[in-house]
Visitor: 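Below is one structure. I have some questions about it.
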Amino acid sequence: MDLRVAAYAVITDATGRLLLPHWSEGTSAGWTMPGGGIDPGEHPADAAVREVLEETGFHVELDGLLGVDSFVFPAGRVHPAGRPRQALRIVYRAHVTGGELRVEEDGSTDGVAWHTPEEVDALDRVALVDQSRRWAGLIP
């Protein structure tokens with residue numbers, strides 16, 4: 001089984017909108033939390049800040065750890081000929097300190113936008129979005 005460790009951030013604006021990138025890899029796609037894989041030797045907090053900048057164009061400061069999630073993808077779900085993969089996902093709360101909204105170039109995301117809670121509910125989204133929203137107290 002492969003293991004992927006990643007760090008993500010829950011970021012809301014003053015009106016309560018949630019910042020989400022649109023993930024697209026192969027035949028899989030959906031709205032997800034900003035973040036991604038931790039580089040070898042990189043601290044998870046540093047990875048979250050780096051990944052948010054890469055995927056959204058925003059500089060952020062972390063406000064605290066919300067939780068750690070573990071999910072096992074069966075063989076073939078993420079990569080057609082691949083082995084099962086365990087995704088260990090570390091989620092922080094963060095706020096924007098600068099930058100401008102922009103779409104990542106040459107990455108695994110092809111869009112990014114702010115969404116109201118009602119809009120998030122209607123999106124085709126990965127399960128981590130709702131888990132992260134619960135940890136952040138954004139939904140019951």
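Numbers for residues simply follow the sequence, beginning at 1. Predicted model, so just to flag it, every value in this text is computed and none were measured.
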Visitor: Is there side-chain contact between Val68 and Val91, with heavy atoms separated by less than 4.5 Å?
Guide: no
Visitor: Please answer whether the main-chain N or O of Glu42 pairs with a side-chain N or O of Asp39 as donor and acceptor at a distance below 3.5 Å.
Guide: no
Visitor: Quick check: does any side chain N or O of Thr97 sit under 3.5 Å from a backbone N or O of His59, one acting as donor and the other as acceptor?
Guide: yes
Visitor: Could you give the distance from CG (Leu128) to CH2 (Trp23), rounded to the nearest 0.5 Å?
Guide: 11.5 Å
Visitor: Could you grab the distance from atom CZ of Phe73 to atom OG of Ser28, nearest 0.5 Å is fine?
Guide: 9.0 Å
Visitor: Give me the one residue out of Val10, Asp121, Thr12 that meets side chain to side chain contact (heavy atoms under 4.5 Å, CB included) with Arg133.
Guide: Asp121
Visitor: Measure the shortest side-chain to side-chain distance between Phe71 and Gln86 over non-hydrogen atoms and say whether it is less than 4.5 angstrom.
Guide: no
Visitor: Could you tell me which non-hydrogen atom of Ala9 sits nearest to which non-hydrogen atom of Ala94, and how far apart they are?
Guide: CB-CB, 3.9 Å
Visitor: Calculate, to the nearest 0.5 Å, the distance between atoms CG and CE belonging to Leu66 and Met33 respectively.
Guide: 8.5 Å
Visitor: Can you tell me how far the CD atom of Glu54 sits from the OG atom of Ser108, to the nearest 0.5 Å?
Guide: 9.5 Å
Visitor: Measure the shortest side-chain to side-chain distance between Arg125 and Leu20 over non-hydrogen atoms and say whether it is less than 4.5 angstrom.
Guide: no
Visitor: Taking a hydrophobic cluster as the set of Ile, Leu, Val, Met, Phe, Trp and Tyr residues connected by side-chain heavy atoms closer than 4.5 Å, whether directly or through intermediates, do Val126 and Tyr8 fall within one such cluster?
Guide: yes
Visitor: For the residue pair Thr56 and Val52, what are the closest heavy atoms and their distance?
Guide: OG1-O, 2.6 Å
Visitor: For residues Glu55 and Val112, determine if any side-chain heavy atom of one lies less than 4.5 Å from a side-chain heavy atom of the other.
Guide: no
Visitor: Look at the rings of Trp114 and Phe58 and say which category their plane angle falls in: under 30° parallel, 30 to 60° tilted, over 60° perpendicular.
Guide: tilted
Visitor: How far apart are the closest heavy atoms of Arg102 and Leu53, and which atoms are they?
Guide: NH2-O, 2.9 Å
Visitor: With rounding to the nearest 0.5 angstrom, report the CD to CD1 distance, Gln131 to Ile139.
Guide: 8.5 Å
Visitor: Write down the atom of Ala45, the atom of Tyr92, and the distance for their closest heavy-atom approach.
Guide: N-OH, 3.3 Å
Visitor: Would Arg83 and Met1 count as a side-chain contact (heavy atoms from CB on, under 4.5 Å) if you check the C-alpha gap in whole Å, the side-chain angles of each, and the deciding distance to 0.1 Å?
Guide: CA-CA 6 Å; Arg83 301 183 309 190; Met1 178 179 292; over 6 Å; no
Visitor: Looking at Pro34 and Leu19, what are the two nearest heavy atoms and their distance?
Guide: CD-O, 3.4 Å
Visitor: Report yes if the side chains of Val129 and Val120 come closer than 4.5 Å at any heavy-atom pair, otherwise no.
Guide: yes
Visitor: Where do Leu65 and Ile90 come nearest, in terms of heavy atoms and distance?
Guide: CD1-CG2, 3.6 Å
Visitor: In terms of hydrophobic clusters joined by side-chain contacts under 4.5 Å, are Val60 and Leu101 together?
Guide: yes
Visitor: Quick one: pull up OG in Ser132 and CG in Leu18 and give me the separation to the nearest 0.5 Å.
Guide: 8.5 Å
Visitor: Walk me through it: do Arg85 and Asp2 pass the test salt bridge (charged side-chain N to carboxylate O under 4.0 Å, His left out)?
Guide: CA-CA 5 Å; Arg85 175 188 284 180; Asp2 293 331; 5.1 Å; no
Visitor: Would a 4.5 Å heavy-atom cut-off, applied to side chains only, mark Ile11 and Val96 as touching?
Guide: yes
Visitor: Are His115 and Trp31 close enough that some pair of their side-chain heavy atoms sits under 4.5 Å apart?
Guide: yes
